[in-house]
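These notes are about the structure you will find just below.
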Amino acid sequence: MFEKKNNQTEEAGTGQYSDLVVRAGLAEYSDVRGCMIIKPYGYSIWEKMQAVLDKMFKDTGHTNAYFPLFIPKSYFSREASHVEGFAKECAVVTHYRLKNTADGSGVEVDPDAKLEEELVIRPTSETIIWNSYKKWIQSYRDLPLLINQWANVVRWEMRTRLFLRTTEFLWQEGHTAHATKQEAVEEAETMLDVYARFAEDFMAMSVLKGKKTPYERFAGAEETYCIEALMLDGKGLQAGTSHFLGQNFARAFDVKFSTKEGTQDFVWATSWGVSTRLIGGLVLVHSDEKGLCLPPKLAPIQVIIVPVYKKDEEKLPVDSVCREMLLKLKEEGIDAAYDHSDTRSPGWKFSEYELKGVPLRIVVGPKDVANKTFEIVRRDTREKSFVPVQNLLSAVKDLLQKVQENLFRKSVEFREKNTTVEENYSHFREVIEERGGFILAHWDGTAETEKKIKEETKATIRLIPFGDQEPGKCIVSGNPSTGRVVFARAY
RNA sequence: CGGGGAGUAGCGCAGUCCGGUAGCGCACUCGUUUAGGGUGCGAGUGGUCGCGGGUUCAAAUCCCGCCUCCCCGACCA
């Protein structure tokens, strides 16, 4: 998409993002402003993401729980910067009953059914969870507390986009409590690594890891870590965040514990999350002019089998070969599907499954039946080959792995190709305007400079890379800088 | 919240200026033909024209009010 734009050929830019999401059957618009309907095909991707992530969370010692959707308003006022960060986008429940209108034309809110205390619909669950943690934690023996929840949250956004930013979205939020600062920081780092591994190994999406500037930090956090990916249109996408919350929520909710030494101390906290936004990332990282291109490890359908035949007497042998293949693939745990509907032509099916991003297509026709072969086509390179039927499993497994690897390799190459190092601010502005991408530049560490760049270029500091860096001079102010940071326009 | 666009068949749209039997493409149904890259042909089903009020013999069309959605700008995962 991004490359096409520069070549002035057919453009598949972000204007077409929403269209692609809809046409591929991932989601559609709801009549409710800013909300979307995640359709079965899109939801299947989410289910695969959930399965993988959930296992990763369990493997790192976490367990799942569920906390209420409604948060008493008073909980919110406990942590000052948290309130400030979310107050502007909270939906609030004020009444609990409807009644028929006097003229019988419909229903209205019953003014007599006003809530004593209004309920905020969770934009995130720190407050209600820490209210519980207070009751759960007495001693160092109760720590660490490692909990995750899969939930929906609501943030009243002004501008929405399918998957990337919707009023309601699905996510997971981990909330942990620890006895020491070091342990909490390590937890936040561990979970960031989990996210990075998920993005690269499963989504085939190259990411950068780092921490946020104070200005971009999560409301209520001491430190926010993030993974950031580069989309094909040259914009950055925050794909996951992990926060070291210090003792802020412990103080706000008075969560103290007895140490081994018998003293009292506030608990150290983290929280971390990824959302259905990742599905938007998948689309913006792997699509081409034909449609989506899903990484095999997350594709709802990994292999689609399409039969081809002319006459009725050809149908039966083709059909039985296809069914046999389907069975064999399924037995191996491969998510294969066989589109035997004869109301669509093969050509139609080819286009449809390419649009949907199915990694591999197997085509079987009379000629193949005679030769005991089948045709197999990779979605990523559209490369065709003919394979003896007896090699079905090895060929499919091999190609699924190759597609997965190739997508990731392309994502890494794209990110590298579109990451530039800039010393000169006017050139920086040109690059941001004309080709986008990640820009590595020196920054003096002040919020003023950060704001100025944002106002003038719409680019923000996506992250401060980990590790030691070469000092230099700020690209705007010329003041000393301790290292380069990553700039980009972002979703 | 500011600016722009739009609400007419499941979807995409024309018709609105200039009032006079509600149309086109896709989808859908039936028939037929076809099938190795979104088959061709024929017939058919499907509408409180976003909602409410007004003007008129007559309103998708004119007038008044309201609602909703999408796109572009200031906040955020």
Side-chain angles (χ1 to χ4, degrees), chain A residues 14-19 22-23 28-36 84-90 103 105-106 123-124 152-173 195 212 215-219 221 224-229 236-243 271-281 290-291 306-312 314-315 318 339-356 361-371 373-375 377 382 384 386 451 454-455 458 460 462 490-491:
Chain A
T14 52
Q16 286 164 359
Y17 164 81
S18 303
D19 189 49
V22 172
R23 281 197 304 136
E28 65 186 29
Y29 290 102
S30 141
D31 289 342
V32 183
R33 179 198 182 86
C35 293
M36 68 172 169
E84 203 186 320
F86 285 106
K88 282 172 283 182
E89 49 188 30
C90 286
D103 61 6
S105 63
T124 179
N152 59 337
V153 285
V154 168
R155 296 182 187 175
W156 216 261
E157 301 288 350
M158 290 183 245
R159 216 164 116 39
T160 58
R161 271 170 99 80
L162 294 173
F163 287 115
L164 298 173
R165 181 176 296 105
T166 46
T167 300
E168 180 190 9
F169 58 96
L170 306 182
W171 77 347
Q172 58 67 217
E173 46 181 325
Y195 290 155
K212 287 292 186 190
Y215 182 69
E216 296 270 336
R217 201 178 277 157
F218 174 75
T224 289
Y225 307 111
C226 64
I227 55 170
E228 192 84 17
L237 181 78
Q238 183 172 306
T241 51
S242 175
H243 315 290
S271 68
W272 28 272
V274 295
S275 72
T276 39
R277 163 178 261 200
L278 291 179
I279 296 172
K290 292 272 179 188
V306 178
V308 176
Y309 48 85
K310 283 197 180 82
K311 304 164 209 146
D312 263 359
E314 289 171 346
K315 181 176 173 177
V318 166
D339 188 344
H340 59 270
S341 87
D342 46 13
T343 56
R344 302 282 189 204
S345 69
W348 190 92
K349 292 173 187 173
F350 297 166
S351 303
E352 180 66 12
Y353 293 106
E354 278 166 359
L355 176 63
K356 284 175 138 28
R361 177 178 75 229
I362 287 177
V363 182
V364 178
K367 290 178 222 162
D368 303 301
V369 173
N371 299 336
T373 60
F374 61 90
E375 182 196 58
V377 187
R382 305 192 70 218
K384 294 183 186 181
F386 289 88
K451 259 186 167 164
K454 185 180 176 183
E455 277 162 20
K458 293 179 196 159
T460 51
R462 301 319 303 154
Y491 275 103

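First the proteins, then the strands, lettered A, B, ... as listed; each starts at 1. Quantities reported herein were computed from a predicted structural model and do not represent experimental measurements.
Between the side chain of A:Arg155 and the backbone N or O of A:Pro123 there is at least one donor-acceptor pair closer than 3.5 Å. Put simply, the side chain of A:Glu314 gets close to the backbone of A:Lys310: a donor and an acceptor are under 3.5 Å apart. A:Lys349 contributes no side-chain N or O that, together with a main-chain N or O of A:Val306, makes up a donor-acceptor pair within less than 3.5 Å. Under the 3.5 Å distance criterion, the side-chain polar atoms of A:Tyr17 are matched with a main-chain donor or acceptor of A:Leu162. Put simply, the side chain of A:Tyr195 gets close to the backbone of A:Gly273: a donor and an acceptor are under 3.5 Å apart. Between the side chain of A:Asn152 and the main chain of A:Val154, no donor-acceptor pair closer than 3.5 Å is present. Side-chain atoms of A:Gln238 do not come within 3.5 Å of backbone N or O of A:Arg462 as any donor-acceptor pair.
The C1' atoms of B:U48 and B:G40 are separated by 38 Å, rounded to the nearest whole Å. Nucleotides B:G65 and B:C24 have their P atoms positioned 36 Å apart, rounded to a whole Å. Spacing between B:C76 and B:G38 at atom C1', rounded to whole Å, works out to 40 Å. B:A59 and B:C49 are spaced 12 Å apart, taking the P atom of each and rounding to whole Å. Straight-line distance between the P atoms of B:C30 and B:U45: roughly 15 Å, to the nearest whole Å. Nucleotides B:U16 and B:C62 place their C1' atoms 10 Å apart, quoted to the nearest Å. On the C1' atoms, B:G42 is 11 Å away from B:U33, given to the nearest whole Å. Taking atom P in both B:C17 and B:G12, the straight-line distance is 24 Å, to the nearest Å.
An OP1 or OP2 oxygen of B:C71 is reached within less than 4.0 angstrom by no side-chain nitrogen or oxygen of A:Tyr17. Phosphate contact (OP1/OP2 of B:C75, side-chain N/O of A:Lys454, threshold under 4.0 Å): present.
Distances from the side chain of A:Pro346 to the nucleotides B:C75, B:G36, B:C72 place B:G36 closest. Counting only heavy atoms from C-beta on, A:Arg361 has its side chain closest to B:G37 among B:G37, B:G38, B:G73. Set against B:A77, B:G37, B:G36, the side chain of A:Glu354 has B:G37 as its closest nucleotide. Counting only heavy atoms from C-beta on, A:Arg161 has its side chain closest to B:C72 among B:A77, B:C72, B:A35. Counting only heavy atoms from C-beta on, A:Arg165 has its side chain closest to B:A77 among B:A77, B:G36, B:G38. Checking B:C75, B:G38, B:G37 against the side-chain heavy atoms of A:Lys88 singles out B:C75 as nearest.
With a cut-off of 3.5 Å on both Watson-Crick or G-U wobble distances, the partner of B:G47 is given as none. Partner assigned to B:G73 is B:C1, using Watson-Crick or G-U wobble distances below 3.5 angstrom. Under the Watson-Crick and G-U wobble criteria, each requiring two contacts below 3.5 Å, nucleotide B:C62 is paired to B:G54. In this entry B:C18 has no Watson-Crick or G-U wobble partner, no candidate having both defining distances under 3.5 Å. B:A6 and B:U68 make up a base pair, with Watson-Crick or G-U wobble contacts both under 3.5 Å. Under the Watson-Crick or G-U wobble criterion, with both distances below 3.5 Å, B:G23 is paired with B:C13. In this entry B:C41 has B:G31 as its Watson-Crick or G-U wobble partner, both defining distances falling under 3.5 Å.
Heavy atoms of A:Phe169 sit under 4.0 angstrom from at least one base atom. Base contact: A:Ser275 has a heavy atom under 4.0 Å from a base atom. At a threshold of 4.0 angstrom between heavy atoms, the contacts of A:Arg217 with the nucleic acid are absent. Heavy atoms of A:Lys367 sit under 4.0 angstrom from at least one base atom. Residue contacts shown for A:Leu164 include a base, since a base heavy atom lies under 4.0 Å away. Residue contacts for A:Thr460: at a heavy-atom cut-off of 4.0 Å it reaches no nucleic acid atom on any strand shown. No contact: A:Arg23 has no heavy atom under 4.0 Å from any strand.
Rounding to whole angstrom units, CD of residue A:Glu173 and C1' of B:C76 are separated by 16 Å. The nearest whole Å value for the distance from the NZ atom in A:Lys311 to the C1' atom in B:U34 is 13 Å. Taking atom NZ of residue A:Lys349 and atom P of nucleotide B:A35, one finds them 14 Å apart after rounding to whole Å. With rounding to whole Å, A:Lys290 atom NZ is found 8 Å from B:G37 atom C1'. One atom, CZ of A:Arg344, and another, C1' of B:C28, lie 10 Å apart when rounded to the nearest Å. One can place CH2 of A:Trp156 at 16 Å from C1' of B:C75, the figure rounded to the nearest angstrom. Atom pair A:Tyr29:OH and B:C69:P shows a separation of 13 Å (rounding to whole Å applied). Atoms CD (A:Glu157) and C1' (B:C70) sit 17 Å apart, rounded to a whole Å.
The aromatic ring centroids of A:Phe86 and A:Phe218 lie less than 6.0 Å from each other.
Residue side chain A:Trp171 fails the stacking definition with respect to B:A77, as its ring centre and the base's six-membered ring centre are not both under 5.5 angstrom apart and under 30 degrees in plane angle.
Nearest-nucleotide positions on RNA chain B place A:Val308 closer to the 5' end than the other of A:Gln238 and A:Val308. Between A:Tyr215 and A:Lys384, it is A:Lys384 whose nearest contact on RNA chain B lies nearer the 5' terminus.
The base of B:C76 does not come close enough to the side chain of A:Arg155 for any donor and acceptor atom to sit less than 3.5 Å apart.
For the pair A:Arg277 and A:Phe169, the cation-pi test (distance below 6.0 Å, angle within 45°) is failed.
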